[in-house]
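Working notes, beginning with the structure itself.
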Amino acid sequence: MAVKIRLARHGKKGYAFYHIVAADSRAPRDGKFIEKLGTYNPNTNPATIDLNFEKALDWLLKGAQPTDTCRAILSYKGVMYKKHLLGGVAKGAFSESDAEAKFNKWLGEKEGKIANKTNKIATDAKSAEKARLAAEAKVNEERAKAIAEKKAAAEAAAREAAEAAAAAAAEETAAEGEAPAEA
């Protein structure tokens with residue numbers, strides 16, 4: 001029986017969520033599996049991978065073949081590197097303590113890269129938010145200026161109308177005052 005480490009799709013349409021499973025290669029994609037090794041959520045940035053490291057390594061050492069995507073996930077988490085180092089220990093290239101030291105050094109560097117990416121994403125989001133708020137404030141200022149200009153124009157028109165009405169009223173009173181004098 002050929003065992004594959006592969007993804008089994010779950011989640012809703014357009015929002016996939018995967019289980020990482022060890023399954024018989026003849027079984028359907030979302031069908032029967034031997035053991036669940038973890039989960040993979042590509043919808044987050046960076047993608048969320050929850051993997052049982054020991055189980056995955058055990059299946060690889062037993063001869064399970066990962067699919068291309070699972071191989072990338074296992075490499076990202078360091079399972080493939082750990083298998084490589086254990087192969088070197090088995091051949092006598094170096095000791096197990098050297099292999100652990102190399103793996104821990106690699107793991108520290110990888111965690112640093114992931115933390116940097118997460119921080120970069122967070123700072124980019126904050127700067128984009130600041131830029132959006134600044135643009136919104138600029139638009140609001142322009143709108144306020146336009147409204148102030150309209151109000152000023154309306155007040156000036158109202159004053160002119162009032163002055164014209166006052167002048168017309170003054171002319172009427174002057175005309176009325178002249179009319180009885182002529183009579």
Side-chain angles (χ1 to χ4, degrees), residues 1-140:
M1 172 173 78
V3 176
K4 286 250 186 209
I5 297 175
R6 64 181 178 202
L7 299 177
R9 192 181 194 284
H10 290 78
K12 60 185 183 179
K13 185 166 88 174
Y15 198 78
F17 181 84
Y18 298 95
H19 289 210
I20 303 168
V21 297
D24 184 0
S25 62
R26 297 169 292 184
R29 179 192 71 179
D30 300 333
K32 191 174 176 183
F33 60 89
I34 301 168
E35 187 173 14
K36 180 180 170 186
L37 304 176
T39 59
Y40 168 60
N41 185 1
N43 301 309
T44 60
N45 192 5
T48 306
I49 301 169
D50 180 32
L51 182 69
N52 187 330
F53 189 89
E54 296 302 320
K55 284 183 182 179
L57 182 61
D58 185 47
W59 276 108
L60 281 176
L61 292 175
K62 288 178 184 175
Q65 295 298 313
T67 60
D68 293 338
T69 305
C70 282
R71 182 179 298 276
I73 291 170
L74 295 175
S75 292
Y76 181 81
K77 288 305 230 179
V79 177
M80 298 300 285
Y81 186 56
K82 180 77 169 190
K83 180 184 180 246
H84 171 73
L85 291 174
L86 290 177
V89 169
K91 291 178 182 176
F94 42 82
S95 68
E96 196 169 328
S97 60
D98 292 342
E100 279 297 318
K102 286 182 179 184
F103 181 72
N104 290 333
K105 179 183 175 195
W106 177 87
L107 195 60
E109 291 173 0
K110 185 70 171 181
E111 288 173 356
K113 287 179 185 178
I114 293 169
N116 287 341
K117 181 177 181 181
T118 305
N119 291 340
K120 183 179 182 301
I121 289 169
T123 55
D124 289 348
K126 284 182 183 178
S127 63
E129 179 73 14
K130 284 183 182 179
R132 187 185 63 77
L133 290 174
E136 188 176 323
K138 183 179 177 184
V139 168
N140 286 343

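In this text the structure is predicted, and so the values were computed from the model without any measurement.
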Next item on the list: Could you tell me if the ring centre of Phe103 sits under 6.0 Å from that of Phe53?
Entry: yes
Next item on the list: With the side chain counted from C-beta on, respond yes when Thr39 and Ile20 share a heavy-atom pair under 4.5 Å apart, and no when they do not.
Entry: no
Considering only NZ, NE, NH1 and NH2 on the basic side and carboxylate oxygens on the acidic side, decide whether [X] and [Y] come within less than 4.0 Å.
X      : Y      : result
Glu129 : Lys126 : no
Lys113 : Glu109 : no
Asp98  : Lys102 : no
Lys82  : Glu54  : no

Margin query: Can you classify the ring geometry of Phe17 versus His19 as parallel (below 30°), tilted (30 to 60°) or perpendicular (above 60°)?
Written below: perpendicular
Considering all heavy atoms of both residues, which atom of [X] and which atom of [Y] are nearest to each other, and what is their separation?
X     : Y     : value
Arg29 : Leu7  : CG-O, 3.8 Å
Leu74 : Ala56 : CD2-CB, 4.0 Å
Asp24 : Ala2  : OD1-O, 3.3 Å
Leu85 : Ala99 : CD1-O, 3.4 Å
Ser25 : Lys4  : CB-CG, 3.7 Å

Margin query: Hydrogens and angles aside, do Ser95 and Ser97 bring a side-chain donor and acceptor to less than 3.5 Å of each other?
Written below: yes
